[in-house]
A.B. asks: 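Let me give you the structure first, and then I'll get to my questions.
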Amino acid sequence: MTLRKILAYPEPILRVPAAPITEFNEDLSQLVVDMAETMYKAPGIGLAAPQIGESVQLIVVDVSREEDEQKFMVMVNPEIIAHQGDQVDEEGCLSVIDLTAMVRRYQTITVRYHDTAGREQEIHAENRFAVVLQHEIDHLHGILFIDHLSSLKRSLYKKKVKKMLAEQKGQA
Ligand code: NI
C-alpha cells in the first residue's frame with residue numbers, strides 16, 4: 001500500500017481524457033489499493049485515478065458516511081448510459097483546493113462499468129450517490145466541477161489560485 005499524492009488544479013494531467021483499462025491484472029489491484037488508502041486518508045468520498053497522476057479510467061467511491069446503504073465501490077471504465085431528472089447539490093473536490101459550490105447534475109443515472117475482474121456490471125444510482133459518481137466520471141474526461149459553474153465564478157476561482165501559487169513561490 002502506498003499513500004499517493006493528490007494533484008490539484010491547475011495540474012495539466014487533470015485535464016487529459018483518461019485511457020480505458022484493458023488489463024485486469026495485479027497492477028490494477030495494486031492501484032485500487034493505493035487509491036482506496038489515499039481516498040480514506042484525505043478523507044474523501046470519491047477519487048479518480050487521474051487525481052493521483054494515473055491517466056486511466058478508474059474510480060473508487062465510498063459515500064457510506066453520507067448515505068448508509070452504499071459502501072466501498074471500484075469502477076473500471078465507467079460510463080453513464082442513461083439518466084433522468086436534475087438535482088442541485090453542493091460539491092467540493094480533493095483536487096480543487098478551498099472551493100465548494102452548488103452544481104446541477106442528473107438526479108438518477110445508470111452506469112455501466114467493469115469490476116476489477118473485468119466483468120461488465122451495471123448500477124443504478126440516485127441522489128447524492130449519483131452526484132458523486134457523475135463528479136468522479138467527469139474526472140476521467142478531464143472535467144472538474146468548476147467547469148459546471150458560471151464563467152464568472154470560475155474566473156474568480158482561477159484568479160484566487162494564481163494568487164495562491166504566486167504567494168507560495170514568494171515564500172519558497
Ligand atoms: Ni473531484
Side-chain angles (χ1 to χ4, degrees), residues 2-21 28 31-67 70-80 83 86-114 116 123 125-151 153-162 164-165:
T2 315
L3 190 63
R4 306 280 290 258
K5 183 179 192 291
I6 297 176
L7 305 174
Y9 173 87
E11 190 71 48
I13 198 167
L14 294 171
R15 293 319 208 161
V16 177
I21 287 174
L28 176 62
L31 183 56
V32 168
V33 170
D34 287 358
M35 283 179 59
E37 194 190 359
T38 305
M39 174 181 75
Y40 285 119
K41 182 81 196 301
I45 55 176
L47 191 69
Q51 292 181 273
I52 58 164
E54 303 283 350
S55 195
V56 292
Q57 294 182 16
L58 171 67
I59 64 173
V60 295
V61 296
D62 185 347
V63 296
S64 58
R65 273 178 301 149
E66 298 200 357
E67 283 185 5
Q70 288 297 336
K71 298 287 183 206
F72 181 70
M73 285 194 70
V74 179
M75 294 184 187
V76 179
N77 306 330
E79 185 188 355
I80 297 169
H83 61 82
D86 285 308
Q87 59 177 324
V88 178
D89 203 349
E90 188 169 44
E91 292 184 31
C93 178
L94 296 172
S95 295
V96 179
I97 311 298
D98 280 347
L99 185 73
T100 58
M102 301 303 281
V103 178
R104 180 176 299 277
R105 301 277 189 185
Y106 302 131
Q107 180 75 37
T108 66
I109 54 171
T110 305
V111 178
R112 183 178 292 157
Y113 64 99
H114 288 94
T116 50
I123 190 172
E126 55 183 26
N127 304 328
R128 188 67 181 159
F129 184 43
V131 169
V132 175
L133 289 182
Q134 287 171 83
H135 177 116
E136 299 311 329
I137 291 170
D138 264 1
H139 275 298
L140 305 181
H141 300 285
I143 298 167
L144 300 172
F145 84 92
I146 51 174
D147 301 330
H148 294 283
L149 306 181
S150 69
S151 57
K153 277 188 189 153
R154 197 165 49 244
S155 64
L156 282 175
Y157 181 69
K158 285 179 181 173
K159 268 185 203 154
K160 183 175 158 178
V161 171
K162 259 189 191 162
M164 222 162 62
L165 291 174

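Just follow the structure's listing: the first ligand is 1, and inside any ligand the first atom is 1.
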A.B. asks: Have a look at Asn127 and tell me which of Gln107, Gln87, Arg105 forms a side-chain hydrogen bond (donor to acceptor under 3.5 Å, both in side chains) with it.
C.D. replies: Gln107
A.B. asks: Quick check against the 3.5 Å criterion: does Asn77 have a side-chain atom that pairs as donor or acceptor with the backbone of Ile21?
C.D. replies: yes
A.B. asks: Is the closest side-chain heavy-atom distance between Gln51 and Glu136 below 4.5 Å?
C.D. replies: yes
A.B. asks: I'd like to know if the side chain of Arg154 and the backbone of Leu149 have a donor-acceptor N/O pair within less than 3.5 Å.
C.D. replies: yes
A.B. asks: Is the side chain of Lys160 donor-acceptor paired with the backbone N or O of Leu99 at a distance under 3.5 Å, no angle test?
C.D. replies: no
A.B. asks: Within a strict 4.5 Å, meaning less than it, do heavy atoms of the Tyr157 and Val96 side chains meet?
C.D. replies: yes
A.B. asks: For distances below 2.8 Å, what is the count of protein N, O or S atoms around the Ni ion (ligand 1)?
C.D. replies: 3
